[in-house]
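All remarks here apply to the structure that follows.
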Amino acid sequence: TDFYKSSCPNVSKIVRREVQKALMNEIRMAASLLRLHFHDCFVNGCDGSILLDGGDDGEKSAAPNLNSARGYEVVDTIKSSVESACSGVVSCADILAIAARDSVFLSGGPSWKVLLGRRDGTVSNGTLANEALPSPFDPLDTIISKFTNMGLNLTDVVSLSGAHTIGRARCTLFGNRLFNFSGTGAPDSTLDTDMLSDLQSLCPQNGDGNVTTVLDRNSSDLFDSHYFKNLLSGMGLLSSDQILFSSDEANSTTKPLVQSYSNDSGLFFGDFANSMIKMGNINIKTGTNGEIRKNCRVINS
Ligand code: HEM
Ligand SMILES: [Ca+2]
């Protein structure tokens with residue numbers, strides 16, 4: 001936690017101040033910054049690879065990120081502020097980890113001590129992003145394997161899914177549930193009927209797939225346990241949210257935890273913080289591996 005104690009003593013204050021400014025401008029940015037850290041860590045570890053402007057093969061162009069991941073400009077602003085205080089010292093990967101923690105805390109969620117010293121990678125791998133990141137259309141066993149591939153367990157799957165207590169998603173990523181779910185000719189039967197009709201009018205068939213709605217209809221900007229309460233009443237937005245509670249496989253895997261978190265936000269907060277620390281440690285580069293990027297979008301020349 002004190003990795004930058006002598007080289008950049010104010011880094012945490014600087015990042016906190018910049019995240020605070022960004023959230024005053026747009027509260028959803030908390031969700032976007034949190035998601036960037038997740039999408040970074042699952043692809044070649046937490047090494048800032050998602051931030052590289054990499055053309056068609058880079059992570060930014062991969063399906064889970066294209067027209068979806070956001071907040072890159074805010075990361076640039078944070079990085080410039082940090083660079084003015086201590087040039088060439090703090091990695092973009094560490095900035096993402098601190099910004100994710102601050103985003104959760106400033107949205108009303110838990111805080112935790114961010115371990116520091118990650119170095120930045122020099123490649124951005126779009127193919128790996130497509131393979132490693134979970135899709136909202138994945139069945140539960142696939143989602144669980146994508147987490148276990150990263151050294152994360154069932155508790156991490158459920159607690160980290162609770163990140164969907166903030167932020168938004170596009171019609172194109174849940175529209176499959178609304179009219180003809182899995183070729184049944186009917187909507188997803190696990191979806192609450194009032195919510196279904198709202199979503200059907202927001203996201204008509206052949207409508208604009210980029211229209212967005214909130215992931216947590218109860219408290220979309222507040223980091224709380226409503227995400228889990230929603231699942232108990234069929235109000236998960238994505239299929240990958242609702243299956244944590246409603247699928248047959250959930251009975252012996254994720255459902256008991258969803259139930260516990262829904263009525264114990266303290267338990268959720270504690271587990272979420274632990275899981276974020278674990279996720280933040282995935283495959284990190286230290287020592288002479290990687291570099292400290294000057295500009296988060298390009299590798300050093
Ligand atoms: C369990 C597997 C997961 C799946 C299938 C999944 C999928 C998605 C999808 C499809 C969206 C909407 C994207 C769009 O509309 O373009 C989304 C948004 C989001 N995800 Fe996940 N996600 C998962 C886990 C996580 C985890 C582990 C985190 C963080 C710890 C996270 C944080 C977020 C946040 C905060 C948003 C909202 C972003 C914003 O509003 O800009 N997700 N996710
Ligand atoms: Ca990465």
Side-chain angles (χ1 to χ4, degrees), residues 26-52 54 58-60 62-72 74 91-93 96-97 100-101 103-104 107 109 118-126 128-129 132-140 142-147 150 152 154 156-176 203 209-216 220-221 223 227 236-244 254 272-273 275-280 282-285 290:
E26 187 202 14
I27 189 65
R28 182 188 174 192
M29 191 49 65
S32 306
L33 291 171
L34 172 58
R35 187 166 184 241
L36 277 185
H37 180 47
F38 160 49
H39 281 203
D40 180 23
C41 292
F42 267 53
V43 185
N44 277 333
C46 311
D47 67 345
S49 56
I50 191 175
L51 302 173
L52 290 170
E59 293 171 35
K60 286 183 180 180
N65 294 326
L66 190 65
N67 299 321
S68 181
R70 56 202 294 284
Y72 301 119
V74 171
S91 67
C92 298
L96 276 185
R101 188 270 315 271
S103 292
V104 169
S107 301
R118 299 169 189 77
R119 291 169 65 83
D120 295 322
T122 51
V123 289
S124 184
N125 188 333
L128 207 54
L133 288 166
S135 151
F137 312 116
D138 281 341
L140 185 54
T142 306
I143 290 182
I144 293 173
S145 341
K146 286 178 176 177
F147 278 71
M150 299 293 145
L152 300 174
L154 270 182
D156 302 317
V157 171
V158 183
S159 68
L160 292 174
S161 293
H164 291 174
T165 177
I166 54 174
R168 308 181 69 90
R170 294 173 297 147
C171 291
T172 179
L173 297 165
F174 57 85
N176 66 315
C203 311
N210 287 323
V211 169
T212 65
T213 190
V214 293
L215 282 156
D216 172 2
S220 60
D221 301 328
F223 195 102
Y227 168 80
L237 182 66
L238 306 174
S239 168
S240 52
D241 293 322
Q242 195 59 48
I243 54 172
L244 297 174
T254 50
F272 184 82
S275 297
M276 284 296 291
I277 293 170
K278 274 175 79 176
M279 186 179 84
I282 296 172
N283 202 9
I284 53 172
K285 299 175 171 65

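Counting convention: from 1, in listed order, for ligands and their atoms alike. These numbers come from a predicted model, not from an experiment. Quick note: numbers below take in every heavy atom, side chains included, and nothing from hydrogens, waters or symmetry partners.
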- [ ] Provide the number and element of each atom of ligand 1 under 4.0 Å from a heavy atom of Ser68.
- [x] 13 (C), 14 (C), 16 (O)
Open item on the list: For His37, which part has a heavy atom under 4.0 Å from ligand 1: side chain, backbone, both, or neither?
Closed with: neither
Open item on the list: Could you work out, for atom 36 (C) of ligand 1, the closest of Arg35, Arg70, Arg170 by heavy-atom distance?
Closed with: Arg35
Task: Atom of Asp47 closest to the Ca ion (ligand 2), considering N, O or S atoms - done: OD1
TODO: Just need the protein heavy atom nearest to atom 3 (C) of ligand 1, so name the residue and atom and give the distance.
DONE: Pro134 CG, 3.7 Å
- [ ] Answer yes or no for Asn44: is there an N/O/S atom below the 3.0 Å cut-off from the Ca ion (ligand 2)?
- [x] no
- [ ] Answer with side chain, backbone, both or neither: which part of Val157 has a heavy atom less than 4.0 angstrom from an atom of ligand 1?
- [x] neither
TODO: Return the residue, atom name and 0.1 Å-rounded distance of the protein heavy atom closest to atom 24 (C) of ligand 1.
DONE: Phe38 CE2, 3.5 Å
Open item on the list: For Phe147, state whether at least one heavy atom is located under 4.0 Å from any atom of ligand 1.
Closed with: yes
Open item on the list: Pairing donors with acceptors under 3.5 angstrom, does anything connect the side chains of Asn65 and His39?
Closed with: yes
Open item on the list: I want to confirm something. Looking only at heavy atoms, which of Lys146, Arg28, His164 is nearest to atom 42 (N) of ligand 1?
Closed with: His164
Open item on the list: I need the atoms of ligand 1 closer than 4.0 Å to a non-hydrogen atom of Ala169, numbered in the order shown.
Closed with: 12 (C), 15 (O)
- [ ] Would you please test Leu244 and Ser161 for side-chain contact (heavy atoms from CB on, under 4.5 Å) and show each step?
- [x] CA-CA 9 Å; Leu244 297 174; Ser161 293; 3.6 Å; yes
- [ ] Give a rough value, rounded to 10 degrees, for the angle at the Ca ion (ligand 2) between atoms OG of Ser49 and O of Gly45.
- [x] 150°
Open item on the list: Tell me whether the Ca ion (ligand 2) has Val43 as a neighbour, meaning an N, O or S atom of it below 3.0 Å.
Closed with: yes
Task: Under-4.0 Å heavy-atom contact with ligand 1, by part of Leu160 that carries it - done: both
Task: Atoms of ligand 1, numbered as shown, that sit under 4.0 Å from any heavy atom of Gly167 - done: 37 (C), 40 (O)
Open item on the list: As an exercise, identify every atom of ligand 1 less than 4.0 angstrom from a heavy atom of Leu215.
Closed with: 18 (C), 19 (C), 36 (C), 37 (C)
- [ ] Heavy-atom contacts with Ala163 under 4.0 Å: which atoms of ligand 1 show up? List them by number with element.
- [x] 28 (C), 29 (C), 30 (C), 31 (C), 32 (C), 35 (C)
Task: salt_bridge(Asp156, Lys278) N-O dist < 4.0 Å - done: yes
- [ ] If you have a sec, work out which protein heavy atom is nearest atom 35 (C) of ligand 1 and how many Å separate them, to one decimal?
- [x] Ala31 O, 3.1 Å
Task: the Ca ion (ligand 2) contact by Asp40, N, O or S atom under 3.0 Å - done: yes
Task: Heteroatom proximity flag, Ser32 to ligand 1, N/O under 3.5 Å - done: yes
Open item on the list: Going by side-chain hydrogen bond (donor to acceptor under 3.5 Å, both in side chains), Lys285 matches just one of Asp47, Asn44, Asp120. Which one?
Closed with: Asp47
- [ ] Show which atoms of ligand 1 fall inside a sub-4.0 Å distance from at least one heavy-atom site of Leu173.
- [x] 10 (C), 12 (C), 13 (C), 14 (C), 15 (O), 16 (O)
TODO: Could you check Ile143 against Ile243 for side-chain contact (heavy atoms from CB on, under 4.5 Å), going step by step and ending with a plain yes or no?
DONE: CA-CA 10 Å; Ile143 290 182; Ile243 54 172; 4.2 Å; yes
Open item on the list: Check this for me: does any side-chain nitrogen of one of Asp221 and Arg28 sit under 4.0 Å from a carboxylate oxygen of the other?
Closed with: no
- [ ] Check whether any N, O or S atom of Ala93, backbone or side chain, sits closer than 3.0 Å to the Ca ion (ligand 2).
- [x] no
TODO: Record the part of Pro64 in heavy-atom contact with ligand 1 below 4.0 Å; permitted values are side chain, backbone, both and neither.
DONE: neither
Task: Ala129 to Glu59 - nearest heavy-atom pair and separation - done: CB-CG, 4.2 Å
Open item on the list: Does the residue Thr212 have a heavy-atom contact with ligand 1, meaning some pair of atoms that are separated by less than 4.0 Å?
Closed with: no
Open item on the list: Residue-level breakdown please: for Pro136 versus ligand 1, do any non-hydrogen atoms fall below 4.0 Å on the side chain, on the backbone, on both, or on neither?
Closed with: both
- [ ] Find the distance between CE (Met279) and CG (Leu160) and round it off to the nearest 0.5 Å.
- [x] 6.0 Å
Task: ligand 1 versus Leu238: contacting region, heavy-atom distance under 4.0 Å - done: side chain
- [ ] Kindly give the heavy-atom pair with the smallest separation between Gly162 and Tyr227, and that separation in Å.
- [x] CA-CD2, 3.7 Å
Task: Residue Ser240 vicinity, atoms of ligand 1 by number, heavy atom under 4.0 Å - done: 5 (C)
Task: Atoms in ligand 1 flagged as close to Ser161, the criterion being non-hydrogen separation under 4.0 Å - done: 1 (C)
